[in-house]
Amino acid sequence: MAKKYWLMKTEPDCYSYEDLEKEKRGQGHWEGVRNFQARNFMKEQMSIGDGVLFYYSSCAEPGVAAIAEVASEPYPDHTQFDPKSQYYDPTANPDKPKWWMVDVKPVKKLPKYVSLKDMHANPDLEGMVTLRKGNRLSITPVSPEHWKAVRKMGGL
DNA sequence: GCCAACGTTGGC
DNA sequence: GCCAACGTTGGC
């Protein structure tokens with residue numbers, strides 16, 4: 001299957017690219033997605049080796065900080081069954097997991113941070129899902145053209 | 001901290 | 001199966 005590209009949002013205070021680099025296994029799991037559309041992207045469309053734009057939201061300057069890569073097949077998000085987890089979902093059934101996740105591994109920090117502002121200013125990124133007004137999806141597909149344009153803006 | 005936008009829930 | 005109410009996200 002052809003390589004696909006994604007943008008995955010995280011809050012830098014919650015899980016930064018540095019946190020991902022520090023993972024002992026060399027890759028981290030993308031837990032806590034509780035939105036059906038985002039889940040379906042992971043569960044049904046992602047494959048190992050897909051490119052990931054590591055995006056920071058809800059911070060002083062939102063934007064793409066780094067490149068990462070999908071590093072596993074989808075598997076059930078264990079935090080849905082853990083009452084102590086902030087991602088606990090009492091409606092989830094272990095026999096039929098509701099929420100899924102993939103592993104992600106670091107590839108490269110962008111030499112230049114690509115802010116949301118700069119992305120909006122670049123006509124090459126017109127139509128990119130994340131840039132659409134009111135978009136709140138934490139995982140969105142990225143076209144190869146947009147992927148290349150963001151990498152270029154980031155200095156790669 | 002505000003508020004627009006949108007997903008989800010629940011009553012009917 | 002509609003839709004109003006509610007909760008959450010996320011940019012500013």
Give each protein N/O atom lying under 3.5 Å from an N/O atom of nucleotides 3-6 of chain C, with the pair distance.
none

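- Applying the ring-ring contact (aromatic ring centres under 6.0 Å, His included) test to pairs two or more places apart or on separate chains, those with a residue in residues 23-53 of chain A are A:W6-A:F41, A:H29-A:H78, A:W30-A:F54, A:F36-A:W99.
- Judged as a side-chain hydrogen bond (donor to acceptor under 3.5 Å, both in side chains), and not counting sequence neighbours, A:R136 has no contacts.
- Using a 4.0 Å heavy-atom cutoff across all strands shown, A:Y56 reaches no nucleic acid atom at all.
- With 3.5 Å as the limit, one finds no donor-acceptor pair spanning the side chains of A:Y113 and A:D118.
- The hydrophobic cluster containing A:M101 does not contain A:F81, counting ILVMFWY residues as joined when their side-chain heavy atoms lie under 4.5 angstrom apart, directly or transitively.
- Partners of A:Y15 by side-chain hydrogen bond (donor to acceptor under 3.5 Å, both in side chains), not counting sequence neighbours, listed by chain and number: A:E23.
- With A:Q80 contributing its side chain and A:K98 its backbone, the two residues share a donor-acceptor pair below 3.5 Å.
- If you check every strand for non-hydrogen atoms under 4.0 Å, A:S58 touches a base.
- The pair A:K148-A:D124 does not meet the salt-bridge criterion, since no charged nitrogen lies less than 4.0 angstrom from a carboxylate oxygen.
- Across residues 115-125 of chain A, not one residue has a non-hydrogen atom less than 4.0 Å from an atom of DNA chain B.
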Which atom pairs link the protein and nucleotides 7-11 of chain B when you take only N or O atoms and keep those under 3.5 Å?
from, atom 1, to, atom 2, distance (Å)
B:dG7, O4', A:R136, NH2, 3.3

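- Remark: the backbone N or O of A:T79 is not paired with any side-chain donor or acceptor of A:D82 at under 3.5 angstrom.
- Checked options A:N40, A:V52, A:V104, A:V70; the residue passing with A:M46 is A:V70 (criterion: side-chain contact (heavy atoms from CB on, under 4.5 Å)).
- Hydrophobic clustering (ILVMFWY, side-chain heavy atoms < 4.5 Å, transitive): A:Y55 and A:M128 are in one cluster.
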